[in-house]
Amino acid sequence: MTGRLVVVSNRIPTEAVPSGGLVVALHDALSEQGGLWIGAHPETGDPDAPFEEIGGAPYRRLAFRLSEADYENYYLGFANSVLWPLSHHRVDLVEINAAYTAAYLAVNRRLARRMAAILQPDDLVWIHDYHFLPLAAELRALGVGNRIGFFLHIPVPNITDLEVLPHPPDYAAWLAQYDLVGLQTRTDVARCLEIYRADPRAEFLPSCAVKFEDRVTRVQSFPIGIDVAAFRADALSAGSKGDGMEARANYVIGVDRLDYSKGLPNRFRAFERYLQDHGTGDRLSLVQIAPPTREAVDAYRRITADLEYIAGQVNGLYGAFDWSPIRFIHRPVPRDEIARLLRGAKACLVTSLADGMNLVAKEFVAAQDPDDPGVLILSRFAGAAEDMTDALLVNPYDHDAVAQAIDRAAHMSRDERLRRHAALTEVVERTDVRAWSRSFIDRLSRLEPGLLLRGRPLREALARFDRPSPPRALRLSTKPT
Ligand code: ADP
């Protein structure tokens, strides 16, 4: 493989030894290949200042600053109050505001200018997530012809929802400027292709490529995973921290950022339904760990109040002086402690209403004792459900069904738990985050950089574009959504 790897992500790790699955995988790839990691500095500052070097890594880390206004309008605004709700099928929460759109485009344009000045012709550029949808378009406008890949960590919006964007045709046009668009699931690929199918500027080519005006892009699923070995080690190493919850205790668990996409009020109501329908004899608790995020956005403040209300109501109605049905922990919990709590739970509730992948589902499986595993209850609307079909798959809107799944998990035979866990472990190991990053980089590096079809016979152009790749790499599907 030639050339440097240039990674762009919203956050850039600032510590010497990074932690967290995705960060570790990118750190490994950069350490191996050499290159740059570009991202927003965790603190706001002068947006026109040059990149700041963050030392301490075997590759260069370059941070740019967002101004306070950028943070408001680009990060909290367009990224998290337009693109996030849009992509999680919550158009009712989208806040259209001209200042958000302008800041989103301006931050991407500014970053593109800065990057264009330092990119070398054979650099392989890998851009991450919804904060940077237009970055390739801005780079192309500056004449950057490098191979540029994009991975979207969240779902692709439904085609009809795109109409809430200030300028809906942009979504397809932005993505088309990437040589490779990586998505979490085959369903996301189908959604993305549907957007192109409806766009008069797009044309489907052989070998599942999409020609958009004079460029060709590939859309392919690369389901992300976790750092399996590290998470297992965390689950085993952490000792009791005196919170009274010992291994395999009588609780089911949820671990989420406090986000409306995670379906937490539905989960609490489903747990209430479980208590109503199945009684309190089992003295099962729901432990919900959900630290606050993005509290500056209204929609996030509202869920906290909702959850506190439901937990109070359920505990008041069903609790006893020595037992609380819902234990709502509304603060950050260290990673090794989470791993240990996952290991000790009878079941994990991952009941998102929409989710790109949901790594907690994979972490729960990795954390289990293989001789006495707990049960994964997984929403059909989480990306993880596409491959983790041996979980108890549920419709998170159906409180009865979730309540039944909780009862079934709490009483499931050891044989069935072992069988389901073995099948899920196979999926979790196969999609380990290092294999994920390797397969994306490998696929991108095989593509011809900056292909322009104009003036070149189609067959010849495609032959150059589509060099052979290993058979498993192409997972494109037209499965209906
Ligand atoms: P999202 O990226 O939307 O937050 P994921 O489930 O894919 O959802 O990833 C969440 C990550 O954050 C997981 O690695 C999980 O362990 C971690 N996490 C979630 N909740 C907490 C928490 N309360 N404290 C610390 N880490 C958390």
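Ligands are counted one by one from 1 in listed order, and the atoms in each one are counted from 1 as well.
Side chain to side chain, Glu194 and Asn158 fail the donor-acceptor criterion of an N or O pair below 3.5 Å. Side-chain contact of Asp28 with Ser31: a donor-acceptor pair under 3.5 Å is absent, judged by distance alone. Of the N and O atoms on the side chains of Gln313 and Arg269, at least one donor lies less than 3.5 Å from an acceptor on the other residue. Under 3.5 Å, the side chains of Asp442 and Ser439 contain no donor-acceptor pair of N or O atoms.
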Trace of the ring-ring contact (aromatic ring centres under 6.0 Å, His included) decision for Phe271 with Tyr274: CA-CA 5 Å; Phe271 192 74; Tyr274 158 80; 5.4 Å; yes

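The immediate protein surroundings of ligand 1, defined as residues with any heavy atom under 4.0 Å of it, consist of Val255, Asp256, Arg257, Lys262, Ile289, Pro291, Val333, Arg335, Ile338, Asn358, Leu359, Val360, Glu363.
Remark: aromatic rings of Trp84 and Tyr130 are close, center separation under 6.0 Å.
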